[in-house]
Protein chains: 2
Amino acid sequence: METKKAIEKCEFLCVHEDVVREVLQTMPQEEILYDLAEFFKVFGDSTRIRILYALRETELCVCDIAGLLGLTQTAVSHQLRVLKSSKLVKARRSGKTVFYSLDDDHIHSILDMGIHHLRE
Amino acid sequence: METKKAIEKCEFLCVHEDVVREVLQTMPQEEILYDLAEFFKVFGDSTRIRILYALRETELCVCDIAGLLGLTQTAVSHQLRVLKSSKLVKARRSGKTVFYSLDDDHIHSILDMGIHHLRE
DNA sequence: TTATCATATGAATATCTGTTCATATGATAA
DNA sequence: TTATCATATGAACAGATATTCATATGATAA
């Protein structure tokens, strides 16, 4: 009860009303922020990041990616599915083999920015 | 056993050796990719993204952020801790109040890039 | 000092997510 | 057709993580 009261005090009394109102007006819509978080979330897994950087130079089949990164075919396939549904990679079928590549140059520039960021 | 065999065939036989070797040479170091994934992971949560965008215009105290986003003080505090240890925000104490702000302009530009990305 | 407030933190819980296992699908060759 | 291969997928499991609850800390004012 003590805690509850303290929180209520905090949330409803100590807020700087004017500042909060202003920030609320300049903030992007809730939905956009959710989408943005989802977007970053895809990059926030080391397996997916490694797959993306493997695809930076050239298209690769599932087998190549698995061998290259020391992963099982299944794990790669599942992650490629995530990357594909997020429009980060696209697939091209050639007989039994499926080649994956980065979806567009936009993804390339994001990956380059990632590298650049960590160098700072 | 059938499955195991198929996987081995796939991983060790169907790999395009030359392509894989070339990609391995051009890829960033493993460690860098892990760090990069960790970096993106911080942006990959809607609560943290919302906090970051709330701080894009001005510094805010914990109370303001909680009231602004409809979160408990505790949840905000925990997430600010994550953001701070990732060097995305910094804290300034003023009496009982602690004001948080984006750590540097670099973070600003990343957030702006995020907005820009979703507009495409 | 004591009381109060703003914030921080540890533990527990619940949810989410990545991998594995088993199996299915789609394509080629015999 | 059947056999084989490359890939995809559903279910189960395990590990990670965000929130909540209870409490602690650090600061101000009385």
Side-chain angles (χ1 to χ4, degrees), chain A residues 1-16 34 37-38 40-51 59-67 69-86 89-100, chain B residues 1-16 34 37-38 40-51 59-67 69-86 89-100:
Chain A
M1 62 262 309
E2 251 298 300
T3 307
K4 184 81 183 301
K5 191 181 154 206
I7 288 177
E8 283 184 4
K9 274 275 178 55
C10 173
E11 287 190 4
F12 300 115
L13 294 184
C14 94
V15 172
H16 304 86
Y34 278 98
E38 289 305 308
F40 280 122
K41 198 173 291 181
V42 181
F43 289 90
D45 175 80
S46 59
T47 299
R48 286 191 292 267
I49 277 283
R50 290 168 74 216
I51 292 175
E59 67 175 9
L60 293 169
C61 70
V62 180
C63 257
D64 286 348
I65 298 173
L69 303 178
L71 301 166
T72 64
Q73 174 267 323
T74 307
V76 172
S77 206
H78 276 298
Q79 294 299 2
L80 284 171
R81 188 167 176 272
V82 173
L83 293 170
K84 192 179 176 188
S85 66
S86 302
V89 306
K90 62 185 180 220
R92 171 178 79 81
R93 178 146 222 150
S94 170
K96 285 181 285 189
T97 307
V98 178
F99 289 97
Y100 282 87
Chain B
M1 58 252 331
E2 248 301 298
T3 308
K4 184 78 181 305
K5 190 181 158 208
I7 288 178
E8 284 185 1
K9 274 277 175 55
C10 175
E11 285 190 6
F12 301 119
L13 294 186
C14 95
V15 171
H16 304 85
Y34 277 98
E38 288 306 306
F40 280 122
K41 199 174 288 180
V42 181
F43 290 89
D45 176 81
S46 59
T47 299
R48 286 192 292 268
I49 277 283
R50 289 167 74 216
I51 292 176
E59 65 176 12
L60 293 169
C61 70
V62 180
C63 257
D64 285 349
I65 297 172
L69 303 179
L71 301 166
T72 63
Q73 174 267 322
T74 306
V76 172
S77 206
H78 277 298
Q79 295 297 2
L80 284 171
R81 188 167 176 274
V82 174
L83 292 171
K84 193 180 174 188
S85 66
S86 303
V89 305
K90 62 186 180 219
R92 170 178 79 82
R93 179 147 223 149
S94 170
K96 284 180 287 190
T97 308
V98 177
F99 288 97
Y100 283 86

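Within every chain, numbering begins at 1; the chains are lettered A, B, ... in the order of the sequence lines, protein sequences first and strands thereafter.
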Exercise. Using purine N1 to pyrimidine N3 plus N6-O4 or O6-N4 for Watson-Crick, or N1-O2 and O6-N3 for G-U wobble, both under 3.5 Å, which nucleotide pairs with C/dA14?
Worked result: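 By the stated definition (distances under 3.5 Å), D/dT17 pairs with C/dA14.
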
For this session: Counting Watson-Crick and G-U wobble pairs only, both distances under 3.5 Å, name the nucleotide matched with D/dA29, or none.
Result: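 For D/dA29, the partner nucleotide comes out as C/dT2, under the 3.5 Å rule.
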
For this session: Map A/Lys41 and A/Ser94 onto DNA chain C by nearest heavy atom, then report which one ends up closer to the 5' terminus.
Result: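 Of the two residues, A/Lys41 wins.
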
How close or far is atom [atom2] of [N] from atom [atom1] of [X], stated in whole angstroms?
| X | N | atom1 | atom2 | value |
| --- | --- | --- | --- | --- |
| A/Leu71 | D/dT7 | CG | C1' | 15 Å |
| A/Phe43 | C/dT17 | CZ | C1' | 18 Å |
| B/Lys90 | C/dT7 | NZ | P | 18 Å |
| B/Phe99 | D/dA27 | CZ | P | 15 Å |
| B/Asp64 | C/dT7 | CG | P | 8 Å |
| B/Ile65 | D/dT19 | CD1 | C1' | 17 Å |
| B/Arg48 | C/dC16 | CZ | P | 15 Å |
| A/Arg92 | D/dA8 | CZ | P | 14 Å |

Problem set entry | Other residues, nucleotides, ligands: >12 heavy atoms within 6.0 Å of A/Arg81 CZ |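 Not more than 12 within 6.0 Å, no.
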
Exercise. Under 3.5 Å, side chain of B/Thr72 to main-chain N/O of B/Ala75, donor-acceptor pair present?
Worked result: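 Yes; at least one donor-acceptor contact below 3.5 Å.
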
Exercise. Can you tell me if A/Ser86 uses its side chain to pair, donor with acceptor, with the backbone of A/Val82 under 3.5 Å?
Worked result: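 Yes, the answer is positive, given that a donor and an acceptor are paired below the 3.5 Å cut-off.
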
Exercise. So what does A/Ser77 hit on the nucleic acid, given a heavy-atom distance under 4.0 Å: a base, only sugar-phosphate, or nothing?
Worked result: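 Counting heavy atoms under 4.0 Å across all strands, the contact made by A/Ser77 includes a base.
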
It should be established whether [X] places a side-chain nitrogen or oxygen under 4.0 Å from OP1 or OP2 of nucleotide [N].
| X | N | answer |
| --- | --- | --- |
| A/Thr74 | C/dT19 | no |
| A/Tyr100 | D/dA8 | yes |
| A/Arg81 | D/dT7 | no |
| A/Gln79 | C/dT19 | yes |
| B/Arg93 | C/dT7 | no |

Which nucleotide in the set [options] lies at the smallest distance from any side-chain heavy atom of [X]?
| X | options | result |
| --- | --- | --- |
| B/His78 | C/dA6, C/dA8, C/dA11 | C/dA11 |
| B/Asp45 | D/dA8, D/dA18, C/dT7 | D/dA18 |
| B/Thr47 | D/dT7, C/dG10, D/dT19 | D/dT19 |

Are [X] and [Y] packed together at the side-chain level, in the sense that at least one heavy-atom pair is separated by less than 4.5 angstrom?
| X | Y | result |
| --- | --- | --- |
| B/Leu60 | B/Tyr100 | no |
| A/Leu80 | A/Ile65 | yes |
| B/Gln79 | B/Asp45 | yes |

Exercise. When you match A/Lys96 and B/Lys96 each to their closest nucleotide on DNA chain D, which lands nearer the 5' end?
Worked result: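 The answer here is A/Lys96.
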
Exercise. Can you find a donor-acceptor pair, distance only, under 3.5 Å between A/Gln73 side chain and D/dA6 base?
Worked result: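 By the distance-only test, no, there is no pair.
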
